[in-house]
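The block underneath contains the structure these notes are about, expressed in structure tokens.
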Protein chains: 2
Amino acid sequence: MATQQRRERERAQRETLIVNAAREMAEADGWPAVTIRRLAERIEYSQPVLYSHFAGRGAIVDAVALQGIVELTGVFSAARTAAAPGGELAAVAQAYLDFANANPAVFEAIFTLAEGLPFGADAPEALKAAFAEIYAVFAPLAGDRDPDAFTEVGWAAIHGLASLGRDGRLRPDLLEQRLPILLDLFTKD
Amino acid sequence: MATQQRRERERAQRETLIVNAAREMAEADGWPAVTIRRLAERIEYSQPVLYSHFAGRGAIVDAVALQGIVELTGVFSAARTAAAPGGELAAVAQAYLDFANANPAVFEAIFTLAEGLPFGADAPEALKAAFAEIYAVFAPLAGDRDPDAFTEVGWAAIHGLASLGRDGRLRPDLLEQRLPILLDLFTKD
DNA sequence: TCGGATGTCTAGCGGTGCTAGAATTGTGAT
DNA sequence: ATCACAATTCTAGCACCGCTAGACATCCGA
């Protein structure tokens with residue numbers, strides 16, 4: 001009946017409510033503050049309801065990560081298509097750093113917390129799409145090297161800059177010098 | 001009296017016992033398995049004893065991280081001095097990846113878990129020494145760029161490779177291609 | 001209207017980091 | 001050798017965590 005559909009709709013709505021709440025709480029107070037109890041109180045349901053949507057706390061983190069990946073893909077795509085010819089790499093790389101800076105908790109969820117997201121051949125479509133965006137800007141510069149390996153190296157370099165920078169591991173006063181150096185290395189030859 | 005010194009000696013001994021136990025447990029079963037209770041049982045003391053040595057669980061993780069940094073510095077130094085002329089960067093980079101691979105829990109402690117270790121100007125001596133080793137291999141290649149910024153970019157690139165690789169984020173079949181590409185980028189010009 | 005399925009909640013288990021206060025141990029002076 | 005004191009260690013417990021069994025309420029189709 002139609003009620004069935006309404007129920008499913010409401011369920012889906014509540015699921016995104018949970019994911020959004022988790023994300024906001026994580027950005028506001030860090031992931032350790034995102035507990036099932038607090039999350040339940042926030043969405044005004046009891047704890048077991050959360051377990052009817054997700055297998056456990058980890059699955060909620062994974063969901064936030066997945067949402068972030070989808071978002072990230074959109075950011076990449078927008079940056080790449082809006083960039084001047086030849087400036088695609090710079091635009092995407094800058095977008096990567098900006099995203100990591102603006103959404104540190106989501107970034108953390110994607111790259112260090114998520115454990116249920118397969119990153120290999122059977123990765124979710126959103127993840128492959130995100131990698132494809134990175135591939136699109138790096139592969140043309142690969143020259144005679146393997147374009148996949150070259151892209152991975154490029155991704156790793158940007159990612160290292162983002163993650164070390166996010167944790168305060170790099171000198172703030174050199175912030176603006178780093179990305180140009182990196183871009184220079186990848187485009188020079 | 002002399003007893004005082006003996007006591008301090010025994011205390012220091014017990015402290016390294018704790019750190020070593022934490023490290024071994026983390027490498028064996030992951031950091032979440034390193035609980036105060038298990039740690040206490042392992043060293044055959046009650047939990048409060050741990051708190052007479054460390055401010056809390058986090059401080060123990062920090063201690064493991066610091067020990068790892070000291071070790072890492074030694075590895076770098078050995079790799080660099082043993083390398084053939086011109087091969088220093090390759091040797092240190094490989095040592096970095098090898099260390100991350102051989103001691104994933106320590107690596108995690110250093111770069112994602114440790115929160116009490118200042119990484120800036122007032123970083124511990126061991127950390128500055130480790131960075132100095134990296135600086136020694138990158139700065140000569142900086143050309144007309146700022147050697148500090150150049151070193152940070154180089155470090156970030158290797159670090160990205162190490163951390164993404166450790167978490168299974170990179171294709172295993174491209175493992176051996178990645179480092180040569182990276183070295184090529186940093187030495188080509 | 002009513003029986004059954006669906007959904008939600010209350011209450012609780014075993015575990016966590018951490019700590020107050022009791023108990024024990026060792027020390028130095030008498 | 002004895003004793004008072006200080007340092008050390010332990011027992012017991014708090015508040016919180018993720019998670020779940022079973023009671024309760026609600027809604028639907030016949």
Side-chain angles (χ1 to χ4, degrees), chain A residues 1-19 21-23 25-26 28-65 105 108-109 112-116, chain B residues 1-19 21-23 25-26 28-65 105 108-109 112-116:
Chain A
M1 299 304 162
T3 59
Q4 198 73 3
Q5 297 183 5
R6 192 210 61 211
R7 289 214 164 169
E8 283 181 24
R9 210 169 48 233
E10 288 175 350
R11 253 193 91 78
Q13 209 166 324
R14 194 171 60 180
E15 192 152 314
T16 73
L17 178 68
I18 295 171
V19 175
R23 176 172 176 167
M25 288 170 63
D29 305 313
W31 278 109
V34 182
T35 70
I36 299 295
R37 280 173 170 80
R38 270 199 270 266
L39 215 36
E41 190 174 13
R42 164 78 163 260
I43 66 168
E44 296 179 319
Y45 283 94
S46 62
Q47 297 110 343
V49 167
L50 296 174
Y51 290 92
S52 77
H53 286 274
F54 300 96
R57 185 184 182 275
I60 297 176
V61 177
D62 291 354
V64 171
E108 187 183 359
T112 77
L113 263 32
E115 307 210 335
Chain B
M1 297 302 165
T3 59
Q4 197 73 2
Q5 297 184 4
R6 190 210 65 210
R7 290 216 160 171
E8 283 181 26
R9 208 168 51 233
E10 287 175 350
R11 253 193 91 77
Q13 208 166 327
R14 193 171 61 180
E15 192 152 316
T16 72
L17 177 68
I18 294 171
V19 175
R23 177 172 176 167
M25 288 171 62
D29 306 313
W31 277 110
V34 182
T35 71
I36 300 295
R37 278 174 172 79
R38 272 199 269 264
L39 215 36
E41 191 174 12
R42 164 79 165 260
I43 66 169
E44 296 179 319
Y45 282 95
S46 62
Q47 296 110 343
V49 167
L50 296 173
Y51 290 92
S52 76
H53 285 274
F54 300 96
R57 185 183 182 277
I60 297 176
V61 177
D62 292 354
V64 172
E108 187 182 359
T112 77
L113 263 31
E115 306 211 335

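Labels below follow one simple rule: chain letters A, B, ... track the order of the sequence lines, proteins then strands, and each chain is numbered from 1. These values consider heavy atoms only, across backbone and side chains, with no hydrogens, waters or symmetry-generated copies.
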**Request:** Name the nucleic acid region contacted by B:S46, choosing base, sugar-phosphate or nothing; use a 4.0 angstrom heavy-atom cut-off, strictly under.
**Result:** base
**Request:** Please confirm whether any donor atom in the side chain of B:R37 sits under 3.5 Å from an acceptor in the base of C:dG15, or the reverse.
**Result:** no
**Request:** Any chance you could measure A:R14, atom CZ, to A:L50, atom CG, to the nearest 0.5 Å?
**Result:** 8.5 Å
**Prompt:** How close or far is atom P of D:dT11 from atom OH of B:Y45, stated in whole angstroms?
**Reply:** 14 Å
**Asked** Closer to the 5' end of DNA chain D via nearest nucleotide, is it A:A33 or A:P48?
**Response** A:A33
**Asked** Between atom OH in B:Y51 and atom P in D:dG13, what is the gap in whole Å?
**Response** 18 Å
**Fill in**
B:R14 atom CZ is separated from D:dT9 atom C1', nearest whole Å, by 8 Å
**Message:** Base, sugar-phosphate or nothing for A:R38? Non-hydrogen atoms, less than 4.0 Å.
**Reply:** sugar-phosphate
**Request:** Rounded off to whole Å, could you give me the CZ-to-P distance for the A:R11 and D:dC27 pair?
**Result:** 16 Å
**Spacing between A:L50 atom CG and C:dT10 atom P, to the nearest angstrom** = 14 Å
**Fill in**
The reported gap from CZ in A:R38 to CD1 in A:I43 (rounded to nearest 0.5 angstrom) is 14.5 Å
**Spacing of A:I60 atom CD1 relative to D:dG18 atom P, expressed in whole Å** = 9 Å
**Prompt:** Taking atom C1' of D:dT20 as reference, at what distance in whole Å does atom CD1 of A:I36 sit?
**Reply:** 13 Å
**Rounded distance (Å) that lies between atom C1' of D:dG18 and atom CH2 of A:W31** = 15 Å
**Message:** Check this for me: A:E44, atom CD, are more than 12 non-hydrogen atoms of other residues, nucleotides or ligands nearer than 6.0 Å?
**Reply:** no
**Request:** Ignoring the backbone of B:R57, work out which of C:dA11, D:dG18, C:dG17 is nearest its side chain.
**Result:** C:dG17
**Item:** Any side-chain heavy-atom pair of B:L17 and B:Q13 under 4.5 Å
**Value:** no
